[in-house]
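Hydrogens, waters and symmetry mates are skipped; everything else that's a heavy atom, side chains included, is used. One-based numbering, in listed order, for ligands and for the atoms of each. The residues of the chain are indexed from 1 along the displayed sequence. These numbers were taken from a predicted model, which means no experiment stands behind them.
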Amino acid sequence: MNQSILVVNCGSSSLKLALFDENEKKIASAMAERLNQADSFAHIDGDNQPIALPTNTNHKQALQALVSAFKEGRLMSEAPSSIGHRVVHGGETFREAVLIDDSVVAAISNCAGLAPLHNPVNLAGIEATREQFPDTPQIAVFDTAYHQTLAPRAFLYALPEAYYRDWAVRRYGFHGISHFFMVNEAARRLGKTPETTSIISAHLGNGCSITAIKDGLSVDTSMGLTPLEGLVMGTRSGDIDPGLFEYLRTRGVALEDVHKVLNHESGLLGISGQTNDMRTLCELANNGHEPSALAIEIFCFRLAKYVGAMMASLSHLDALVFTGGIGENSLQVREKTLSHLKLLGFNLDANNNDCHGRRTEGRIEHSNSRFPVLVIPTNEELVIAREAKRLAQAS
Ligand code: AMP
């Protein structure tokens, strides 16, 4: 019997599919990009032949095209046994992954006010697969759910209590699927169980967040009501003084423009004036471009401060863990960040950091470091596939 698991990840203009077999091995993956734009395109990973898409392809059409391409390539012959969807915002309604039915669809739609760019496209993906595979169990796995274990002292803002009561204004946190993977994988590598493992997990990609995990549970995290708060990111500012809004108003800047600037024109891009891409920034900085060097400096300093802040939630620390495109690949960022944390006892082994811990099961700390430091490639698709399989079998 077919036991494959399809993982669906819809972004605002992209659709990613991954197909796993019953042993949790990835068989294939594919991606459609620039959806709802004139130049939509798609490809199966590892295949040089692009998949033709009509202009303004939507998520549903892209899903059909990619599934057909899987079938033509004999990567898939029948309906998968379960389908897992990444959903960005589950509000306070979803504390864990759930089997999707009409009431779940309605609840995800209710959370759309908190993630207007993400939840509607996640729902478009769910609608498309429910239509194409009506008999297959579908599971929603939320980016926010893992952080639902935060205590009020960590999730409440110092605002009038009615903001939380009436409008659900609170810290939700994101990248939960990745942080959950980190604690499980760190525990495995350290020879512990997740339930007894406490780590600080730094997910550093185009979006960045850091989470304190105590005995397997999220207890504090840097992203907040939206994924704008916290660390410096590719194009997002992270923390700023909220007084900026009033000050910019007096300078004639409209609220929508501030929102756009903070989300799309700030962070590494804003400071460097060049790019949001850390690899390019490192090259520019090495060639003497000072604003790029400054962008990296600010990124690492903010991150180091947050590592210190996350310590306040923990009674012991088994490891500091780096992941995401930057965390996994930038030895410079890891080195610079930890250079600010000598007082806490962090110390890196330069050779192991240089090769991203690939020869040492991810370990990059010096033998005299007070805490282990690990580099672990994230695998959010695998978490979603496992949850989909588990819940489909239980249904
Ligand atoms: P992600 O969103 O996880 O795909 O991460 C994207 C970020 O990772 C971008 O800023 C990339 O420049 C960065 N990145 C990927 N590879 C490297 C590398 N070798 N060195 C530095 N940054 C990298």
(message) Is the ring pair Phe142/Phe94 parallel, tilted or perpendicular, if the boundaries are 30 and 60 degrees?
(response)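 Rings of Phe142 and Phe94: parallel, under 30°.
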
(request) With heavy atoms under 4.0 Å as the rule, classify the contact between Leu204 and ligand 1 as side chain, backbone, both or neither. (result)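 Neither; nothing of Leu204 gets under 4.0 Å from ligand 1.
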
(request) Give the numbers and elements of all ligand 1 atoms closer than 4.0 Å to a heavy atom of Ser330. (result)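 Near Ser330, meaning under 4.0 Å from one of its heavy atoms, ligand 1 has 21 (C).
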
(message) When you measure from the side chain of Ser266 to the backbone of Asn263, do you find a donor-acceptor pair of N or O atoms at a distance under 3.5 Å?
(response)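 Flag not set: sc Ser266 to bb Asn263 has no pair under 3.5 Å.
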
(request) Please check if the side chain of Ser369 supplies one atom and the backbone of Glu365 the other of a donor-acceptor pair under 3.5 Å. (result)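 Side chain of Ser369 to backbone of Glu365, a donor-acceptor pair under 3.5 Å: no, none is there.
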
To which protein heavy atom is [atom] closest, and what is the distance rounded to 0.1 Å?
atom                    : answer
atom 10 (O) of ligand 1 : Met278 N, 3.0 Å
atom 13 (C) of ligand 1 : Ile326 CG1, 3.7 Å
atom 20 (N) of ligand 1 : Asn329 O, 3.7 Å
atom 12 (O) of ligand 1 : Asp277 OD1, 2.7 Å

For [X] and ligand 1, does the shortest N/O to N/O distance drop below 3.5 Å?
X      : value
Asn206 : yes
Gly205 : no
Arg279 : yes
Gly325 : yes

(message) Within this structure, what is the CD1-CG distance for the pair Ile364 and Asn352, rounded to the nearest 0.5 Å?
(response)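 Between atom CD1 of Ile364 and atom CG of Asn352 there are 8.0 Å.
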
(message) Against ligand 1, does Asn276 come closer than 4.0 Å with any heavy atom?
(response)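 True for this residue.
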
(request) Verify the neighbour count for atom NZ of Lys389: are there more than 12 heavy atoms of other residues, nucleotides or ligands below 6.0 Å? (result)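 Enclosed.
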
(request) Would you indicate whether Phe133, at its atom CZ, is surrounded by more than 12 heavy atoms from other residues, nucleotides or ligands within a distance under 6.0 Å? (result)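 Count over threshold, so yes.
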
(request) Using only heavy-atom distances, determine whether the side chains of Thr211 and Thr221 contain a donor-acceptor pair under 3.5 Å. (result)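 Yes, because at least one side-chain N or O of Thr211 sits under 3.5 Å from a partner of the opposite role on Thr221.
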
(message) For a quick check under 3.5 Å, do Asn36 and Asn56 share a side-chain donor-acceptor pair by atom type?
(response)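 Result is no, nothing qualifies.
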
(message) Under 4.0 Å from atom 4 (O) of ligand 1, is there at least one protein heavy atom?
(response)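 Answer no: nothing from the protein, no heavy atom, is under 4.0 Å.
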
